[in-house]
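One structure below.
For the single chain, residues carry numbers from 1 onward in sequence order.
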Amino acid sequence: KVEFYDGASKIGEDSVAPFGFIWQAPPGGKHLLTARATDALGDVAASQIVSITVNSAPTIRITAPANNQPLLTQPVQIAAEASDPDGHVVRVEFFNGGTNKLGEALTAPYTFLWSNVPFGTNVLTAVATDDNGAAAISEPVTNNVPARIVRVLTTSGSPAGTVIVPIQFETIANENALGFTLNFDPAALAFASAESRMTVPGASFIVNSNQVAGGRLGVTLALPSGQPFSPGTHQIVETRFTISPTVTAGTTTIGFGDQ
């Protein structure tokens, strides 16, 4: 028989010529290989040492978005951390569903801005490749894009002036109505008005301004029974706020309390 060793550790043997052994998934790093032949009388002879270096695969993980995080805004930035213990990473590729390549990054920080994210469940993975061609795949990250997305568009204004804040609605046409609450800083903004921008005959539009002094504005929209929103992006509401004359330069956030 012939036994094969990595240093002092036996890794396999073969009892039939030609003597060979397939070493499955050897660990990365330097290895000192020898073979020991034993004859029928029990005499043993060892080969000379052969030194080899096995390339270590890179490591990679997706850092954004977080697993199970709903994707409520677009585009979505995908970010990954990747490293290689015995070389360097030359490419990070981003995939949805395992085979649908979204894009790649060749240098750190490894990011990709994903536009036109499909509705429903998306499973993201990232693949890192090192300078010797070894590749590693990240753990999957699962995210859901809701059938509807309501977003506040960025706008600007001046102290004591009026600012118009459009609200968009993105749908896949399975929604007939929606309601949401806008949260804002009442020290910076005072609610002035809200107008519907829907053009569908018979649509209803209700504004609840009872809590605007505390920075909350409720909005409800509904189409006639049995009529869903058409797929795509719609500007549904236009809100107006008066900016406080004492506000300083900077930004203030208008977000959603519920939707």
Donor-acceptor check, side chain of [X] to backbone of [Y], threshold 3.5 angstrom: yes or no?
X: Thr63; Y: Ala79; result: yes
X: Thr181; Y: Arg216; result: no
X: Asn144; Y: Pro70; result: no
X: Asp84; Y: Val89; result: no
X: Asn67; Y: Val141; result: no
X: Asp131; Y: His88; result: yes
X: Thr239; Y: Val165; result: yes
X: Asn143; Y: Ala66; result: yes

Are [X] and [Y] close enough that some pair of their side-chain heavy atoms sits under 4.5 Å apart?
X: Phe169; Y: Leu221; result: no
X: Leu182; Y: Ile167; result: yes
X: Tyr110; Y: Ile78; result: no
X: Leu33; Y: Phe4; result: no
X: Ser56; Y: Asp130; result: no
X: Ile236; Y: Phe180; result: yes
X: Ile60; Y: Val127; result: no
X: Phe241; Y: Val163; result: yes

TODO: Output, in order, the C-alpha distance, side-chain angles, deciding distance and verdict of side chain to side chain contact (heavy atoms under 4.5 Å, CB included) for Phe229 and Leu223.
DONE: CA-CA 8 Å; Phe229 285 93; Leu223 299 185; 3.9 Å; yes

Working to the nearest 0.5 Å, report the span between [atom1] of [X] and [atom2] of [Y].
X: Met198; Y: Ser204; atom1: CE; atom2: OG; value: 6.5 Å
X: Ser47; Y: Tyr5; atom1: OG; atom2: OH; value: 11.5 Å
X: Leu106; Y: Glu93; atom1: CG; atom2: CD; value: 9.5 Å
X: Arg197; Y: Glu238; atom1: CZ; atom2: CD; value: 4.0 Å
X: Leu32; Y: Ile52; atom1: CG; atom2: CD1; value: 9.0 Å
X: Thr142; Y: Leu124; atom1: OG1; atom2: CG; value: 8.0 Å

Hydrophobic cluster membership, with links at side-chain heavy-atom distances under 4.5 Å among I/L/V/M/F/W/Y: are [X] and [Y] in one?
X: Ile137; Y: Phe95; value: yes
X: Val90; Y: Phe112; value: no
X: Val207; Y: Val200; value: yes
X: Val44; Y: Phe19; value: no
X: Leu189; Y: Phe256; value: yes

Just checking [X]: does its [atom1] atom have more than 12 heavy atoms from other residues, nucleotides or ligands closer to it than 6.0 angstrom?
X: Ile49; atom1: CD1; result: no
X: Glu139; atom1: CD; result: no
X: Gln77; atom1: CD; result: yes

Between [X] and [Y], which heavy-atom pair has the shortest distance, and what is it?
X: Ala80; Y: Phe94; value: CB-CE2, 3.9 Å
X: Ala57; Y: Ala134; value: CA-CB, 4.0 Å
X: Gln227; Y: Asn176; value: O-ND2, 2.7 Å
X: Ala128; Y: Ala82; value: CB-CB, 4.1 Å
X: Ile254; Y: Val152; value: O-CG2, 3.8 Å
X: Val237; Y: Ala194; value: CG1-CB, 4.4 Å

- [ ] Considering only NZ, NE, NH1 and NH2 on the basic side and carboxylate oxygens on the acidic side, decide whether Glu3 and Arg36 come within less than 4.0 Å.
- [x] no

Task: Pair Arg240 + Glu195: basic N to acidic O under 4.0 Å - done: yes

TODO: Take Asn208 and Leu217, measure what side chain to side chain contact (heavy atoms under 4.5 Å, CB included) needs, and give me the verdict at the end.
DONE: CA-CA 6 Å; Asn208 183 347; Leu217 176 70; over 6 Å; no

Task: From CA spacing to verdict: side chain to side chain contact (heavy atoms under 4.5 Å, CB included), Asn122, Trp114 - done: CA-CA 12 Å; Asn122 296 281; Trp114 185 18; 3.8 Å; yes

Open item on the list: Hydrogens and angles aside, do Thr59 and Ser83 bring a side-chain donor and acceptor to less than 3.5 Å of each other?
Closed with: yes

TODO: Go through the steps for Phe21 and Asp14 under the test side chain to side chain contact (heavy atoms under 4.5 Å, CB included), then give the verdict.
DONE: CA-CA 7 Å; Phe21 168 71; Asp14 195 0; 5.8 Å; no

